[in-house]
Every structure is written in C-alpha cells, then in structure tokens.
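All figures in this text were calculated on a predicted structure; none of them were measured in a lab. Atom set for the values below is all heavy atoms of this structure, side chains included, hydrogens, waters and symmetry mates excluded.
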Amino acid sequence: MKFWWVNHKQTYSAEVRGGYIWSPKMNRNGSKNQTYINLTLTRPGDVVISYAGRLIKAIGLVTAPSLEAKKPSEFGNAGDSWSDTGWEVPIDWELLEQPIRPKDHLELIAPLLPSKNSPLQASGNGNQGCYLASISEALGNLVLSLAKGLNPSFADDIEQHQAELEGDAIEADIQASALDATEKQQLVKSRRGQGLFRANLEKVEPACRVTGVTNKALLIASHIKPWSKCANNEERLDGNNGLLLSPHIDKLFDRGWITFTDAGSLLCAEPTIERALQQWGVELPINVGPFKPKQREYLAYHRSEIYRSAPTSE
C-alpha cells in the first residue's frame, strides 16, 4: 500500500462525485510532469488524500489500475488548457464529516512533506504545480490518524476496504492459476467461510465458544488468520485456522476488537468492547476453553497482527 496526495484545485467536485482522479499526460508545453505520471504508478488499495480549497475533505482508495481516458466532460471550462487525452484512476472516496485544515497541524505535517514534488508549500498552502504527489507512510498515517480523531469509524472503514481489495486480487490470481476448477472453487468458497474450509472447521469446532450456540446455520465460519493473509492455500482450507462464531462475536473478532489467549481467555481491545459484550449478555471475564496446538499458531498471528491492543497475560 502506498499513500498519495491529490491537489484537485477546480476539479474537486467533479472528481469526487465521479469517483476518480484525472490528469493530462504532460504539461501544456509538451514537457513531462512527474505528478501526472504518478497516476500510472498507483495500485488498487493505495490511499489517496484529497485536498482542495485549503482543506482535506475526502480520503479514498484506488479500486483499479490507471487507464488512458479522455478528459472528463464535467470539467467544463476548468480543463480548457489541457489536452483531451490523459490518465484516469478509479477512486472510492469517503467524505470526511469534518474536513482537516493542514495549516492547523503544520508543525506535524511540515517535517514529513517530500523534498521534491511536495503537495504543500512551507506556508501550508497548496502547491499549484503539483497534482498527484507520492507521500511517505508517516505522513499518510498522520492524516489517517487526524481523520480518525474527527470520524472515529473512518480509519476502520479504510482498513476493511483495503482488505477486501487485497482479497479480490488474490482471488483473481487463484482464478488465473493452473489449479483445477474444483480446487479453485473450494478456495474461493473458503474466503466466504463456505465449502471445504467450513467442513474442515466443523470437525474441530462444534459451537460458538463465546455464546455456546450450536446451531450451525446461525454461526459464521471465520478464519483466525485472515484469508488474504494466509501464506498458502493449505492455510486457507485448514479447519484449525478458524472459529465458528455468532455473527456479533464474529464481527468483533474479525475487526480485531477481541482475541483469545492460547488458554482460552477472551481479551478486549478497549472498554467500549467490554461494555458491548456485557450488554449482549456475555459475562466477563470469560474463558472459552484451551485451544489445540495448531490453532494456537494461528491465534498467535491474530494477537500480534489483527488484535488492536497488546494482549495481556493469561
């Protein structure tokens, strides 16, 4: 994943409403412009920060590779000086309920700006000569943290969308591979907790460990180590890499808001999650029983990479 910063200027409304960014291929004098070429370097899952009118108003995800495209008609007079052919990148934009004013955070942002093709001037104003700038992970994460402070669920939505895009790419690779049709089908089904993966899981886990529900029709087959993060297809189909969970418990586990120790103690990432569990009738603290050695390998990954807080001692 990479971070990008786009200075829309007068094309903001058209691009955000249309779900894309667009630039000509070169400057009006025919010279190359790296901030135009950058559109061709984006990849699905990259984060794009939208800046216009001195505000960061939206953050989006690249959803598909760049393509050659004609200048959008909705640009109107704004694009009169540009050539009719350029680069377009599809973006899934999320509008911020409260826009971020970079000047208000300049002491944090300024040290992280790129030395070349910076999207902002030292004063905090936009750099008019820069369209799409590559920015560091540190600056990108800073902006995401500022957005999260204003819109608590925003960063989580971005993270989940990125995971979906990553899964889509892996699924496409599987479909294009030399595997036989039956194996491809089972791997794709396993992404959704179905097929051979679920059958293997049900041999290991008979019920939801938290709620005790045994009706399989009411339970979700959830990977412990996410499908998109599995090292190979064997892990994607391994019944030990899963739990049968009630839907509301599955969401907490999938988002990393809860996890389990090897001995079965349920861990909560924050007090709000504890309160939610208690409102659902889950008595805390709770131990759901020890896990088998193979399950513990996957749980170690969940605790270190998915869980949102460092696990406490058992």
Polar contact flag, side-chain donor to acceptor under 3.5 angstrom, [X]-[Y]:
{"X": "S134", "Y": "N38", "result": "no"}
{"X": "W4", "Y": "D46", "result": "yes"}
{"X": "N125", "Y": "K103", "result": "yes"}

Give every residue pair that meets the side-chain hydrogen bond (donor to acceptor under 3.5 Å, both in side chains) criterion with at least one member in residues 204-221, sequence neighbours excluded.
E205-R209, E205-Q295, T211-S246
Interatomic spacing from [atom1] in [X] to [atom2] in [Y] - rounded to 0.5 Å:
{"X": "Y51", "Y": "H8", "atom1": "OH", "atom2": "NE2", "answer": "11.5 Å"}
{"X": "F253", "Y": "L245", "atom1": "CZ", "atom2": "CG", "answer": "6.5 Å"}
{"X": "T35", "Y": "Y131", "atom1": "OG1", "atom2": "OH", "answer": "9.0 Å"}
{"X": "T40", "Y": "W87", "atom1": "OG1", "atom2": "CH2", "answer": "6.0 Å"}
{"X": "K184", "Y": "N233", "atom1": "NZ", "atom2": "CG", "answer": "11.5 Å"}

Which pair of heavy atoms, one from [X] and one from [Y], lies closest together, and at what distance?
{"X": "S66", "Y": "L39", "answer": "CB-O, 3.3 Å"}
{"X": "A14", "Y": "E74", "answer": "CB-CG, 3.6 Å"}
{"X": "N29", "Y": "S31", "answer": "OD1-OG, 2.7 Å"}
{"X": "F3", "Y": "G140", "answer": "CD2-CA, 3.5 Å"}

Qualifying residues under side-chain contact (heavy atoms from CB on, under 4.5 Å), relative to E183, sequence neighbours excluded
L179, D180, L187
Crowded around [X] [atom1]? As in, over 12 foreign heavy atoms under 6.0 Å?
{"X": "E107", "atom1": "CD", "value": "yes"}
{"X": "R192", "atom1": "CZ", "value": "yes"}
{"X": "Q175", "atom1": "CD", "value": "yes"}
{"X": "K251", "atom1": "NZ", "value": "no"}

Report the C-alpha separation of S222 and D250 in whole Å, then their side-chain angles, then the decisive distance to 0.1 Å, and conclude whether the side-chain hydrogen bond (donor to acceptor under 3.5 Å, both in side chains) test is met.
CA-CA 7 Å; S222 181; D250 171 72; 2.9 Å; yes
Check step by step if side-chain hydrogen bond (donor to acceptor under 3.5 Å, both in side chains) holds for W93 and S50.
CA-CA 9 Å; W93 294 111; S50 164; over 6 Å; no
Looking at R54 and R101, would you say the former's side chain and the latter's main chain have a donor-acceptor pair under 3.5 Å?
no
Lys/Arg N to Asp/Glu carboxylate O, [X] vs [Y], below 4.0 Å:
{"X": "K71", "Y": "D84", "answer": "yes"}
{"X": "K25", "Y": "E68", "answer": "yes"}
{"X": "K229", "Y": "E305", "answer": "no"}

Begin with the C-alpha distance, continue with both residues' side-chain angles, and end with the deciding distance and a verdict on salt bridge (charged side-chain N to carboxylate O under 4.0 Å, His left out) for E235 and K225.
CA-CA 8 Å; E235 287 188 350; K225 184 178 183 180; 3.1 Å; yes
Considering only residues two or more places apart or on different chains, which pairs with a residue in residues 164-199 satisfy ring-ring contact (aromatic ring centres under 6.0 Å, His included)?
F197-H223
Apply the side chain to side chain contact (heavy atoms under 4.5 Å, CB included) test between L139 and each candidate in L112, L108, I49; give the one that qualifies.
L112
What verdict does the side-chain hydrogen bond (donor to acceptor under 3.5 Å, both in side chains) test give for D238 and Y298, after you've listed the backbone C-alpha separation in whole Å, the side-chain angles of each residue and the deciding distance to 0.1 Å?
CA-CA 10 Å; D238 188 357; Y298 293 115; 2.8 Å; yes
Given the rule in the salt bridge (charged side-chain N to carboxylate O under 4.0 Å, His left out) test, do E171 and R191 qualify, once you have shown the distances and angles that lead to the verdict?
CA-CA 9 Å; E171 187 172 320; R191 182 184 178 190; 2.8 Å; yes
